[in-house]
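Notes follow the structure.
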Amino acid sequence: MTDPLHYAAGQRIGVLTTEPVGLLDYLAPEGGVALGQLVVVPLGPRRVMGCVWGPGAGDFDAARLRPVGRLIDAEPLAPSMIEFLNRTAEYTLTPLPHLLRMATRAPGLADPPAARRVVHRTGDPPQRMTDARARILDTLDEHGGGPLEPGELARLAGVGSSVVKGLIAAGTLTETEAARDAPFPRLDPGRPGKPLSPDQRAAADSLAAAQRKGGFSATLLRGVTGSGKTEAYLEAVAECLRHGRQALVMLPEIALSAEFLDRVEARFGARPGEWHSGVTGAERRRLWHMAGRHGVDLVVGARSALFLPFRDLGLIVVDEEHDSAYKQEDGVWYSARDMAVLRASIEGAQVVLASATPSLESWVNAQTGKYERLDLPSRHGTAELPEMAAIDLRTEEMRPGTWISPTLARAVEARLARGEQSLLFLNRRGYAPVTVCRACGAQVGCDDCDARMVEHRVLNRLVCHQCGATKPIPTVCPACGVEGKMAPVGPGVERLAEEVAARFPNARAAILSSDLFSSARALKEAIAGISAGEADIIIGTQMVAKGHNFPNLTLVGVIDADLGLQGADLRAAERSFQLMQQVAGRAGRAGDRGEALLQTHQPDHPVIRAILSGDEEAFWDAEAAARSQAGMPPFGRLVGIILSHPDLGAVTDFARHLAGRAAPLAEIGAELWGPAPAPITRIRGRHRVRMLIRAPRQAPVQDAVRRWLSGVKLPTNMRLAVDIDPQSFL
DNA sequence: AGCACGCCGACT
DNA sequence: GTCGGCGTGCTC
């Protein structure tokens, strides 16, 4: 009998270690070993973790092979998981061991099997029955007679642990050993969900039908906050659970997960597994094991949850799929959204990308028919966006040093008179984005990277928004030495708040800017206060675009809609379009669409016009036109090469060196693109530079990059990472 | 001569 | 990733 997934004792097998050495041949241990089995293998004088990855390569002297050490007490990785890791490594040009490391990152994974003590009911009620003892027995009955951990049982019953001990002594309860990690409670898809509107019902049915059909499918689910997106995809989850498969819902930030877990519990009667950096080690280990044993039905998690070793994954939901948090830009560079599609296709699963403001890539994939597209009309039938209009700053009378136009000021006055709230949106933290010397014109830059420093009056310091460095606000010009000529130029939210206070002296203003809150709780309280009507005018950065709704907000004023329309960032216009839609969507309440006013110097700019109409197709056309004007082919791919080194000179020198040997790129019609070398940032003591390559869409980019980089030797201490598709590039 | 340091290759 | 070997260059 030959089982291709099992290797007999003494057979030569390939083991992938978590060390950079990669695949090495070993001898299968006594009793044989399964494909995907996690093992400990000897490597030089050390023992390291590895995974049985297939038959051995056979190119190593058989006499020198060493046998596998011990097997790790964990379910073997499924063949589909192995394929997923292989393909992800190939796609992102990441060494395979890094991916295995990422996929096995759960504390205590390699620990020998450990047990925990549990009690369950075995004997008759005790002779002496007491209140506390009765409560223990009742609680145990409620949980199906056990088994439960003694401490947990005492806690649930609200009595001391000595009561449990007494019942064990009396023979009513028996203590036994159980596996350390317990399965998660089952979710019940049969419970009734929230009543759905006809639109939501249609979307839910369509998703459930795709799930029922089985196999790979990809759907872009569009709908604004409150449109019932979540309810719709929870029906796909329900369908998935009915088929006995596992589901994964990814969320961009941990902060969103608590509320989501409650909704899942309300829908399915139990809490799902939770996976993100805030989860304790023991829970992570439990979830990791349970994913592999089908001991968990649904996992809610951050991007890294995609690398859990699911046994039978039937559905992946990527909520807020446009969110940049799905991109990991450290260690392994990957986009969890793209890799979710890859994993779903390997697992024969359904993938649902949900967003009110889809990323350009997903939008294009839906347009070209690669993804299905489902549109959920807005909250309860009202218009999706408020009434949108531009304020043409060229025709407004603006006093120097002010940023609120007379037209916008009148609109705010009208809201104040009616007791309604206004939001003034300015995506700039701090007091002033630039500090300039009036004598010589020099701008104060960061000493560690090439960004300009932003004045923060609250801190009374200059702050670099790129690397986080700070320094005192200079009184003497660092360039020309003239004293007393340094001046803040341009507005940030702190400065805008000054103008609001001067202009609307009787209004209560609140600033929402991420740097002004020390904790998530302080922020939550501030938002609750504003919702309760404690502010008339909200001054906010992009953090107002997310989540929270202000029920009495009827006006959104965008201070500078032109911000982010130009510049070297390819993604600026797209982000701006999404941001404007999200921010404008804050306005309006029951029976009142609200109004959004965009201050701009270029009301005829195609992107501004697309924002005003809320029309994604118009935006897409504008974007394609802008890109072709910038000399880019309409369809292509972008690859980022990221170099980092503690020494700034070393990075720029090496970037130049690489640029000089880029012949393999030319062979596939690709080229280095943009201002090379690109801006330098400093992150954790290393200078980082990014080189961009653009390539025709169908070109074998990975091969070319591999050939390009294989010939170069990395200087000591130089780190290199490759970021495939770093930004959309139509 | 003796030692600290950094570079480089091996590790199956 | 980590270890050991080896060459360089400094100090006693």
Please walk me through it: do A:R688 and A:S644 pass side-chain hydrogen bond (donor to acceptor under 3.5 Å, both in side chains)?
-> CA-CA 4 Å; A:R688 187 187 266 184; A:S644 77; 5.5 Å; no
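When each of A:V299, A:L306, A:D319 is paired with A:M250, the side-chain contact (heavy atoms from CB on, under 4.5 Å) condition holds for A:L306 and for no other.
In this structure, the CG atom of A:L100 is 13 Å from the P atom of C:dG1, given to the nearest Å. B:dC11 atom P lies 6 Å from atom CZ of A:F60, rounded to whole Å. Going from atom CG of A:D61 over to atom C1' of B:dA10 covers 15 Å, rounded to whole Å. In this structure, CD of A:E19 is placed 17 Å from P of B:dA10, rounded to the nearest angstrom. Distance OH (A:Y26) to C1' (B:dC11): 7 Å, rounded to an integer number of Å. What separates CG of A:L714 from P of B:dG6 is a distance of 19 Å, to the nearest Å. The CG-P distance, from A:L43 to C:dG1, rounds to 13 Å in whole Å. Nucleotide B:dT12 holds its P atom 10 Å from the CG atom of A:L65, rounded to whole Å.
Of the candidates B:dC8, C:dC3, B:dT12, C:dC3 carries the atom nearest the A:P45 side chain, counting heavy atoms from C-beta on. Candidate nucleotides C:dG1, B:dC8, B:dT12 were compared by shortest atom distance to the side chain of A:K713, and B:dC8 ranks first.
Backbone-only contact: A:R64 has heavy atoms under 4.0 Å from sugar-phosphate atoms and none from a base.
Counting only heavy atoms from C-beta outward, the side chains of A:L35 and A:I82 approach each other to under 4.5 Å.
Applying the 4.0 Å criterion to OP1 and OP2 of B:dT12, one finds that A:R66 has a side-chain N or O inside that range.
Atom CG of A:L462 is separated from atom NE2 of A:H465 by 10.0 Å, given to the nearest 0.5 angstrom.
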